Amino acid sequence: MQLSRRYLLAAAVLACGLLAAPAASAATPRAATATSIDTAIDPAAIAAVEQMGKALRALPKFALTAATRTEYVLDDGQKLSLAGTVNYKVLGADRFFVEIVSDQQHRQLFYDGHTLTLYAPRLKYYTTVDNLDRSSQALVRDAATELGVEFPLADLFLWGTPAFPTTTFQSALRVGSETINGEPTDHFAFRQPGVDWQVWISRRSHLPQQVQITSHNDPALPTYQATLDWDTQRAISIADVTFKPGDATRIAFVPAVAVVTDAAPGDR
């Protein structure tokens with residue numbers, strides 16, 4: 001499963017419960033009460049994800065702002081829910097810029113098809129990984145294992161490709177309809193090994209308007225949610241996705257192994 005459940009921002013570091021179950025009623029989706037894997041797979045839900053993937057792959061460029069909320073689990077099991085934003089500018093198959101902003105961190109990543117640059121604006125440090133020479137999709141798919149870098153909302157690059165097979169779905173159902181920021185959507189829920197996830201898909205554009213991911217790797221079931229605001233008409237230039245170091249200092253790239261913040265020690 002490729003869905004991003006935490007942020008890691010490398011070298012200079014990218015880091016990164018379930019919704020309450022509805023009471024049984026006549027409004028409870030039929031698929032939600034299925035007792036076998038076969039009956040829990042709704043072909044219409046699979047088709048909706050596939051159509052969403054086609055819509056994403058058809059975009060030659062896009063800008064995206066996501067309002068995010070991430071749950072972190074303390075050693076004693078207590079959950080913390082922290083807000084942030086993710087901004088993407090994507091140009092073609094191999095150029096993009098992504099910015100992750102919260103009170104704890106500010107990170108930017110630039111990719112030009114060959115070099116990945118990671119920048120911490122508050123700290124004024126940056127690092128690069130050269131000679132990657134691959135598409136954005138391939139970079140996002142392999143970055144976690146090869147570089148220790150996990151991109152937020154990575155599945156925007158993977159939906160609709162062989163890197164995201166629907167054959168691993170253990171359940172797939174349509175929950176209902178909902179309006180997200182004025183956009184009518186269809187709400188779907190899925191289970192794959194190690195993760196439950198939900199997506200709200202626009203009826204107009206077939207693009208995802210909201211995503212929620214719950215990890216099973218932690219018994220506390222931390223959840224990540226992102227509400228997406230798309231701009232597919234904005235002109236995006238190479239300059240928009242190109243890093244300009246200015247007075248920043250370059251440091252050596254080291255794959256991320258820990259989460260750090262930009263706060264002073266007394267503020268943590």
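Being a predicted model, the structure only gives us computed values, none of them experimental.
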Locate the shortest heavy-atom distance separating [X] from [Y]; write the atom from each residue and the value.
X      : Y      : answer
Thr127 : Ala252 : OG1-C, 3.3 Å
Ala45  : Arg174 : CB-N, 4.4 Å
Leu173 : Asp42  : CA-CB, 4.2 Å
Tyr111 : Asp94  : CD2-O, 3.6 Å
Gln170 : Ala40  : O-CB, 4.2 Å
Pro208 : Leu156 : CG-CD2, 3.9 Å

Which residues share a salt bridge (Lys or Arg N to Asp or Glu O under 4.0 Å) with [X], sequence neighbours left out:
X      : value
Glu178 : none
Asp229 : none
Glu99  : none
Asp75  : none

| task | Using the ring-ring contact (aromatic ring centres under 6.0 Å, His included) rule, collect all pairs that involve residues 40-66, keeping only residues at least two apart or in two chains. | result | Phe62-Trp230

Measuring only between side-chain heavy atoms, which start at C-beta, is [X] closer than 4.5 Å to [Y]?
X      : Y      : result
Leu64  : Asp231 : no
Arg204 : Pro184 : no
Thr70  : Ser81  : no
Arg234 : Asp240 : no
Val90  : Val241 : no
His114 : Asn131 : no
Leu132 : Leu139 : yes

So does [Y] get a backbone contact from the side chain of [X], meaning a donor-acceptor N/O pair under 3.5 Å?
X      : Y      : value
Thr179 : Gly182 : no
Ser136 : Ala93  : yes
Lys54  : His206 : no
Lys124 : Thr249 : no
Gln209 : Ser202 : no
Arg141 : Ala154 : no
Lys61  : Ser237 : no
Arg95  : Gly113 : no
Asp155 : Leu158 : no

With sequence neighbours excluded, what pairs up with [X] under the side-chain contact (heavy atoms from CB on, under 4.5 Å) test?
X      : value
Leu82  : Tyr72, Gln104
Ala235 : none
Ala66  : Thr68, Val86, Leu153, Ala226, Leu228

| For Phe110, ring-ring contact (aromatic ring centres under 6.0 Å, His included) partners two or more places apart | Phe97, Phe243

Spacing of [X] atom [atom1] and [Y] atom [atom2] [to the nearest 0.5 Å]:
X      : Y      : atom1 : atom2 : result
His106 : Arg122 : NE2   : CZ    : 6.5 Å
Thr161 : Leu56  : OG1   : CG    : 10.5 Å
Gln137 : Asp142 : CD    : CG    : 9.0 Å
Thr128 : Leu118 : OG1   : CG    : 8.5 Å
His216 : Thr214 : NE2   : OG1   : 6.5 Å
Ser205 : Met52  : OG    : CE    : 11.0 Å

| query | Thinking salt bridges, do Arg250 and Asp130 make one under a 4.0 Å N-O criterion? | reply | yes

| request: For the pair Asp196 and Arg191, find out whether any cationic side-chain nitrogen is under 4.0 Å from an anionic carboxylate oxygen. | output: yes

| said: Under a 3.5 Å threshold, yes or no: a donor from one side chain and an acceptor from the other, between Gln192 and Trp197? | reply: yes

| said: Against Phe157, only a single residue in Tyr88, Phe164, Phe151 fulfils ring pair (Phe, Tyr, Trp, His ring centres under 6.0 Å); can you say which? | reply: Tyr88

| request: Establish whether Ile46 and Ile201 are linked, either directly or via other cluster members, by ILVMFWY side-chain heavy-atom contacts under 4.5 Å. | output: yes

| Are Val195 and Phe190 connected, step by step, through hydrophobic side chains (Ile, Leu, Val, Met, Phe, Trp, Tyr) whose heavy atoms are closer than 4.5 Å? | yes

| note | Exactly one of Thr185, Thr227, Asn181 clears side chain to side chain donor-acceptor pair (under 3.5 Å) with Gln210, and that residue is Thr227

| query | Taking ILVMFWY side chains as joined if any heavy atoms are under 4.5 angstrom apart, and letting links pass through other members, which residues group with Leu74? | reply | Leu80

| said: My understanding is that a hydrophobic cluster links ILVMFWY residues whose side chain heavy atoms are under 4.5 Å apart, including indirect links. Using that, what else belongs to the cluster containing Val101? | reply: none

| query | Going through the distances and angles, do Gln212 and Trp200 end up as a side chain to side chain contact (heavy atoms under 4.5 Å, CB included)? | reply | CA-CA 9 Å; Gln212 186 176 91; Trp200 289 254; 4.0 Å; yes

| query | Can you list the steps and then say if Val211 with Ile213 is a side chain to side chain contact (heavy atoms under 4.5 Å, CB included)? | reply | CA-CA 7 Å; Val211 179; Ile213 305 154; 3.9 Å; yes

| task | Please name all residues satisfying side chain to side chain donor-acceptor pair (under 3.5 Å) with Thr242, sequence neighbours left out, ordered by chain then number. | result | none

| Does the pair Phe96 and Lys89 meet the rule for a side chain to side chain contact (heavy atoms under 4.5 Å, CB included), with working shown? | CA-CA 6 Å; Phe96 69 84; Lys89 294 178 183 177; over 6 Å; no

